[in-house]
Amino acid sequence: QVQVVESGGGSVQAGESLRLSCTTSGLRFDRYAMGWFRQAPGKEREGVSCINWSGRFKYYADSVKGRFTISRDNARDTLYLQMNSLKPEDTAMYYCAAGGSWDACADFTHWGQGTQVTVSS
């Protein structure tokens with residue numbers, strides 16, 4: 001059974017940073033593209049950032065380019081999202097996902113339960 005577990009969310013002030021982590025079990029982590037998604041209340045889920053299996057190729061939504069950095073450690077089966085210069089509009093539930101298209105940042109098949117990020121002004 002595949003499990004995807006996020007951690008690292010929290011409440012911060014605008015301009016501060018957070019780092020999200022995601023671990024998986026039940027799949028060969030180093031063979032899967034991974035991604036971070038978010039969903040704010042009343043809005044559709046959006047792809048924030050995705051990364052190919054090796055970490056060489058990355059996708060970022062325009063809204064986070066230059067502020068967020070996705071990375072992965074295949075030796076530790078862990079995905080990261082470093083979020084700097086956070087804005088109130090970054091407030092959302094953040095989800096980690098495995099097994100999709102990194103360049104389209106879509107069609108992922110395995111999802112975590114999410115971790116809440118709240119940014120206050």
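Here, residue 1 is the first one in the sequence, and each next residue gets the next number.
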Residue pairs, two or more places apart or on separate chains, that pass ring-ring contact (aromatic ring centres under 6.0 Å, His included) and touch residues 45-91:
Phe57-Trp102

Same hydrophobic cluster for Val64 and Ile51, using side-chain heavy-atom links shorter than 4.5 Å among ILVMFWY?
yes

I need the Trp36 CH2 to Cys50 SG distance, nearest 0.5 Å.
11.0 Å

Salt bridge (charged side-chain N to carboxylate O under 4.0 Å, His left out) contacts touching residues 54-64 (sequence neighbours left out)
Asp62-Lys65

The salt bridge (Lys or Arg N to Asp or Glu O under 4.0 Å) partners of Arg67 (sequence neighbours excluded) come to Asp90

Cationic tip of Arg72 within the cone over Phe29's six-membered ring, i.e. under 6.0 Å and within 45° of the normal?
yes

Could you give all pairs that pass the salt bridge (charged side-chain N to carboxylate O under 4.0 Å, His left out) test and reach residues 7-17, with sequence neighbours left out?
none

Can I get a per-line list of side-chain donor-acceptor pairs under 3.5 Å for residues 104-111, giving both atom names and the distance, sequence neighbours left out?
from: Thr109; atom 1: OG1; to: Ala98; atom 2: O; distance (Å): 3.4
from: Thr109; atom 1: OG1; to: Gly99; atom 2: O; distance (Å): 3.3
from: Trp111; atom 1: NE1; to: Phe108; atom 2: O; distance (Å): 3.1

Exercise: identify the closest heavy-atom pair between Ala40 and Thr91
CB-O, 3.7 Å

Does Thr23 reach the main-chain N or O of Thr78 with its side chain, forming a donor-acceptor pair under 3.5 Å?
no

Can you pull out every side-chain hydrogen bond (donor to acceptor under 3.5 Å, both in side chains) where at least one residue sits in residues 6-15? Sequence neighbours excluded, please.
Gln13-Ser120

Pairwise distance OG1(Thr118) to CE(Met93) - rounded to 0.5 angstrom:
8.5 Å

Residues Cys22 and Met34: closest non-hydrogen pair is SG-CE, 4.1 Å

Return all side-chain donor-acceptor pairs below 3.5 angstrom for residues 81-89, not counting sequence neighbours, or 'none' if the list is empty.
from: Gln82; atom 1: NE2; to: Asn84; atom 2: OD1; distance (Å): 2.9
from: Asn84; atom 1: OD1; to: Ser17; atom 2: OG; distance (Å): 2.9

Residues passing the side chain to side chain donor-acceptor pair (under 3.5 Å) test with Asp77, sequence neighbours excluded, are none

Using the rule that two of Ile, Leu, Val, Met, Phe, Trp, Tyr join whenever any of their side-chain heavy atoms come within less than 4.5 Å, decide whether Val48 and Leu20 are in one cluster.
yes

Tell me, please, which residues at least two apart from Arg76 pass side chain to side chain donor-acceptor pair (under 3.5 Å).
Asp73

Test of understanding: clusters of I, L, V, M, F, W, Y form through side-chain heavy atoms closer than 4.5 Å, transitively. Do Phe37 and Val119 belong to the same one?
no

Quick one, Thr24 and Val2 - any side-chain contact, counting heavy atoms below 4.5 Å?
no

Listed partners of Gln3 passing side-chain contact (heavy atoms from CB on, under 4.5 Å), at least two apart:
Ser25

List the residues meeting side chain to side chain donor-acceptor pair (under 3.5 Å) with Tyr94, not counting sequence neighbours, and say none if there are none.
Arg38

side-chain contact (heavy atoms from CB on, under 4.5 Å) partners of Asp30, counting only residues at least two apart:
Arg28, Asn74

